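Working notes for the structure below.
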Amino acid sequence: MKKLLVTGGAGFIGGNFVQYMTGKYPHYHIYNLDLLTYAGDLTKHQKIESNENYSFVHIDIADREAVNELFEQVNFDYVVHFAAESHVDRSITDPEIFIRTNVLGTQVLLDAAKGANIKKFVHVSTDEVYGELDFDPASFFTEETPLQPNSPYSASKASSDLLVRAYYETYGLPVNITRCSNNYGPYHFPEKLIPLTISRVLNDQKVPVYGDGKNVRDWLHVLDHCSAIDLVMHSGEIGGVYNIGGHNERTNLQVVRTIIEALGKSEDLIEFVEDRLGHDKRYAIDPSKIERLGWRPVYDFETGIAQTVDWFLENKEWWEQIISGEYQQYFDRQYARK
Ligand code: NAD
Ligand code: DAU
C-alpha cells in the first residue's frame, strides 16, 4: 500500500484532493496533516474518517519535532503540500503568520522529507508568484516568467518555491512545483470572491467589489486542479515546474454578475468599495507544458459555476456555520476599512 501525506487536507483544495485521491486510489493510505486553523474543517471527511486507509494527523507544519516524529513513524512514498495561509487580504493586514507557515513550515517539511527516501514531494504553489500581467490578451504566465510577487502572501509562496527548488538542486530531493490559477468549487471558504458572493447574494447582502471590478482572474474548477496534481505527482519530470490553468479569464464584475444572475437576484447588490492594496491587475496561465503531459480540464466556467452555486444551495449548513462564527468579526474588520 502506497503512503501519501497530504498537508492542508482539511482546507478547500487539499480537502477536495483527499476526496479525489481516496476515490481514485483505494490502495493508497492517505495521511491528512492539518493544524485546523480557521480555514480547516474535518466535516468534509466524515464519510471517510473511519476508513482503514485514511488517517488524520493534527499538527503544525512549522513544528519541527512533531513533523520529524511523523516521518520517523511512517515511510511516505509521496508528499503533496497544500498547507498554507492562503488569503491575500489577510496577508496585507497580518503578514507574519504567512512567513511562519508558508516559508518556515515548508522548510520544516522539506528537511523531514529529504532524509525519508520519498518518491515525490509536490509543492502546491500559485500563479501569484509571477506578479501581474497587463490586459493584453496575448500575454500569459509561462514557467519561465520571472517571479515578481506583489503581496505578502505571494512573496511567502515565492520564497517557499525557491526553498523547494534549492532542496532539489542541493540535496536531490525529488520535487515538483505546481502553479495554479484561481480555483473555485465545493468547500471554498467564504472569504474568497466566489463563495463570498454566493453566500452574500443568498442572504440579500451587498457584495463588495474592489476598485472598478475590472481586475481579471483565470478560474479553474478545483477538481481539474486535483487531476493535474495527481498527474504531476505520478508523471511529472523530477525538478519540473508546471503551470495549471484552463483559459477561463473573467473580470471580477463578470464573475459577480454571473452568480447574481444564476441566483435570480438584482445587480443592485453590487457595491464598489476601496481597492485592495497592491491589487494585481490580471492573471492568465499558459498551460501548454502540463497539457503536453496529457492533462485537460473537464469543467468549462459556466458549467462549473452553475454546479458550484447548486452545491452552496445544497450545503447551506456548512457555510452558514462558518459565517456565523469568528468569520463575522473578520468580515467587519476587513470591510470596515473599505
Ligand atoms: P485554505 O486556506 O482553504 O486551506 C489551507 C489549509 O491549511 C487549512 O486546512 C489550514 O487549517 C491548513 N493550515 C494552515 N496553516 C497550517 C499549519 N501551520 N500547519 C498545518 N496546516 C495548516 O487554502 P486553499 O485555498 O485550499 O489553498 C491550498 C494551497 O493551494 C495553498 O498552498 C495555496 O497557496 C495554493 N493555491 C490556492 C489557490 C486558490 O485559488 N485557492 C490557487 C492556487 C494555489
Ligand atoms: O491565483 C491564485 C490565488 O487565487 C491563490 O494563490 C490564492 O490563495 C487565492 O486566494 C486566490 O487569490 P485572489 O486574491 O485572486 O482571490 P480572491 O478570491 O481573494 O480575490 C479574487 C479577485 O476578487 C481579486 O481580484 C480581488 C477581488 N475581490 C476579492 C474579495 C474577497 C473583490 O473584488 N471583493 C472581495 O470581497
Side-chain angles (χ1 to χ4, degrees), residues 6-18 32-42 44 57-63 66-67 80-92 97-98 100-102 104-106 108-109 123-130 132 141 149-151 153-154 156-157 160-161 178-185 187-197 200 206-220 222 225 229 244-245 250-253 255-256 270-276 279-285 331 334-335 338:
V6 177
T7 74
F12 164 46
I13 309 174
N16 275 281
F17 186 71
V18 166
N32 171 10
L33 181 169
D34 202 293
L35 181 60
L36 299 180
T37 67
Y38 78 92
D41 87 281
L42 291 175
K44 52 182 71 110
V57 191
H58 188 194
I59 57 179
D60 179 350
I61 52 165
D63 180 343
V67 169
V80 180
H81 174 35
F82 294 91
E85 289 292 334
S86 70
H87 192 36
V88 174
D89 288 328
R90 290 186 193 251
S91 83
I92 293 168
I97 186 71
F98 285 72
R100 183 179 188 278
T101 297
N102 300 0
L104 179 64
T106 299
V108 167
L109 281 171
H123 177 60
V124 180
S125 190
T126 165
D127 60 356
E128 296 198 15
V129 298
Y130 297 122
E132 65 176 355
F141 293 137
N150 291 320
S151 71
Y153 161 70
S154 53
S156 70
K157 291 295 291 187
S160 63
D161 287 18
T178 60
R179 297 190 179 130
C180 190
S181 61
N182 286 61
N183 284 214
Y184 67 95
Y187 294 112
H188 204 177
F189 194 85
E191 65 189 347
K192 311 278 167 63
L193 180 69
I194 287 182
L196 179 134
T197 302
R200 290 189 68 81
K206 292 277 188 191
V207 179
V209 172
Y210 298 165
D212 58 11
K214 290 189 179 145
N215 299 57
V216 171
R217 296 293 182 265
D218 185 357
W219 294 97
L220 189 74
V222 64
H225 189 184
I229 293 171
I244 306 168
R250 298 287 184 288
T251 66
N252 294 335
L253 209 47
V255 169
V256 170
I270 295 173
E271 182 172 44
F272 291 95
V273 300
E274 196 182 309
D275 212 350
R276 173 184 279 175
H279 196 175
D280 287 335
K281 283 202 266 303
R282 173 173 167 257
Y283 306 143
I285 286 279
F331 189 91
Q334 171 64 23
Y335 292 90
K338 303 222 166 268

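Each ligand, and each atom within it, is numbered from 1 in the order the structure gives. All of these numbers come straight from a predicted model, not from anything done at the bench.
The main-chain N or O of Phe98 is never found under 3.5 Å from a side-chain atom of Thr101 such that the two would form a donor-acceptor pair. No side-chain donor-acceptor contact under 3.5 Å links Lys281 to the backbone of Val216.
Some N or O of Glu128 is nearer than 3.5 Å to an N or O of ligand 2, by distance alone. At under 3.5 Å, a nitrogen or oxygen of Leu193, whether backbone or side chain, sits near a nitrogen or oxygen of ligand 2. For a threshold of 3.5 Å applied to N or O pairs, the pair formed by His279 and ligand 2 contains at least one separation below that value.
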Worksheet item: Where do Tyr38 and Arg90 land on the side-chain contact (heavy atoms from CB on, under 4.5 Å) test, with the steps shown first?
Response: CA-CA 12 Å; Tyr38 78 92; Arg90 290 186 193 251; 3.1 Å; yes

Item to complete: Go through the steps for Tyr184 and Val222 under the test side-chain contact (heavy atoms from CB on, under 4.5 Å), then give the verdict.
Response: CA-CA 6 Å; Tyr184 67 95; Val222 64; over 6 Å; no

Item to complete: Carefully, step by step, assess Asn215 and Asp280 under the rule side-chain contact (heavy atoms from CB on, under 4.5 Å).
Response: CA-CA 7 Å; Asn215 299 57; Asp280 287 335; 5.9 Å; no

Discussion item. Go through it in stages, so that I can follow the logic: the residues are Thr197 and Val255, the test is side-chain contact (heavy atoms from CB on, under 4.5 Å), and I'd like the CA-CA distance, side-chain angles, deciding distance and then a yes or no.
Written reply: CA-CA 9 Å; Thr197 302; Val255 169; 5.9 Å; no

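Counting all heavy atoms, side chain and backbone alike, Thr106 lies closest to Ile61 at N-CD1, 4.3 Å. Residues Ala10 and Leu36 approach most closely at CB-CD2, 3.5 Å, considering heavy atoms. Of all non-hydrogen atoms in Lys157 and Ser160, the two that sit nearest each other are O-OG, 2.7 Å. Residues Glu274 and Tyr210 come closest through the heavy atom pair O-CD2, 4.0 Å.
Environment of NZ in Lys214: sparse, with no more than 12 heavy atoms of neighbouring residues, nucleotides or ligands closer than 6.0 Å.
Here Phe12 has heavy atoms under 4.0 Å from ligand 1 in both its backbone and its side chain. Using a 4.0 Å cut-off between heavy atoms, Val88 contacts ligand 2 through its side chain alone, with no backbone atom that close. By the criterion of a heavy-atom distance under 4.0 Å, both the backbone and the side chain of Asn182 are placed next to ligand 2. Contacts between Ser181 and ligand 1, counted as non-hydrogen atom pairs separated by less than 4.0 Å, involve the backbone only. Counting heavy atoms closer than 4.0 Å to ligand 2, residue Lys192 contributes atoms from both its backbone and its side chain.
Distance from atom 36 (O) of ligand 2 to its nearest protein heavy atom, with residue and atom name: Tyr335 OH, 2.6 Å. If you check which protein heavy atom lies closest to atom 11 (O) of ligand 1, you get Asp34 OD1, 2.5 Å. Residue, atom and distance of the protein heavy atom nearest to atom 18 (N) of ligand 1 are Asp60 OD1, 2.8 Å. In terms of protein heavy-atom proximity, atom 5 (C) of ligand 2 is nearest to Tyr153 OH, 3.6 Å. What sits closest to atom 1 (P) of ligand 1 on the protein, heavy atoms only, is Ser86 OG, 3.6 Å. Of the protein's non-hydrogen atoms, the one nearest atom 5 (C) of ligand 1 is Ala84 O, 3.5 Å. If you check which protein heavy atom lies closest to atom 4 (O) of ligand 1, you get Gly11 CA, 3.5 Å. At the shortest separation from atom 19 (N) of ligand 1 among protein heavy atoms lies Ile61 N, 3.0 Å. The protein non-hydrogen atom at the shortest distance from atom 32 (O) of ligand 1 is Lys157 NZ, 2.6 Å. Here the heavy atom of the protein found nearest to atom 20 (C) of ligand 1 is Leu35 N, 3.2 Å. With respect to atom 34 (N) of ligand 2, the closest heavy atom belonging to the protein is Pro208 O, 2.8 Å.
Using a 4.5 Å cut-off on side-chain heavy atoms (C-beta onward), Val124 and Phe17 make no contact. Taking 4.5 Å as the limit, some side-chain heavy atom of Phe331 sits within range of a side-chain heavy atom of Leu196. For the pair Asn183 and Asn16, the minimum side-chain heavy-atom distance is 4.5 Å or more.
Applying the 4.0 Å criterion to heavy atoms of Gly40 picks out, from ligand 1, the atoms 8 (C), 9 (O), 11 (O). Which parts of ligand 1 touch Tyr153 is read off a 4.0 Å heavy-atom cut-off, strictly below it: atoms 33 (C), 34 (O). The His87 neighbourhood of ligand 2 comprises atoms 19 (O), with distances under 4.0 Å to a heavy atom of that residue. The contact set between ligand 1 and Asn182, taken as ligand atoms under 4.0 Å from a residue heavy atom, comprises 40 (O). Listed by number with element, the atoms of ligand 1 under 4.0 Å from a non-hydrogen atom of Leu36 are 11 (O). Those atoms of ligand 2 with a heavy atom of Glu191 less than 4.0 angstrom away are 31 (C). Ligand 1 places these atoms under 4.0 Å from at least one heavy atom of Val124: 30 (O), 32 (O).
Using a 4.0 Å cut-off between charged side-chain N and carboxylate O, Arg217 and Asp127 make no salt bridge.
The heavy atom nearest to atom 26 (O) of ligand 1, out of those in Asn183, Leu33, Ile13, Thr178, is found in Ile13. Looking at Thr251, Asp127, Asn252 and measuring to atom 27 (C) of ligand 2, the nearest heavy atom belongs to Asn252. Among Arg217, Lys214, Arg276, the residue whose heavy atom lies nearest to atom 17 (P) of ligand 2 is Arg276. Looking at Ser86, Ser91, Pro190 and measuring to atom 7 (C) of ligand 2, the nearest heavy atom belongs to Ser86. When the options Tyr210, Tyr283, Phe189, Trp219 are ranked by their closest heavy atom to atom 29 (C) of ligand 2, first place goes to Tyr210.
Here CG of Leu220 is found 9.5 Å from CD1 of Ile285. Values are rounded to the nearest 0.5 Å.
Using a non-hydrogen distance threshold of 4.0 Å, Phe82 registers as a contact of ligand 1. Under the 4.0 angstrom criterion for non-hydrogen atoms, Ser125 is in contact with ligand 1. Heavy-atom distances between Ile59 and ligand 1 reach below 4.0 Å in at least one pair. Using a 4.0 angstrom heavy-atom cutoff, Lys157 does not count as in contact with ligand 2.
Applying the side-chain contact (heavy atoms from CB on, under 4.5 Å) test between Val67 and each of Ile59, Asp60, Thr7 identifies Ile59 as the sole match. Applying side-chain contact (heavy atoms from CB on, under 4.5 Å) to Phe82 and the options Asp34, Val18, Ile229, Leu33 leaves one that passes, Ile229.
Classification of the His123-His81 ring pair by plane angle, with boundaries at 30° and 60°, yields tilted. Ring planes of Phe141 and Tyr283: tilted class, angle from 30 to 60°.
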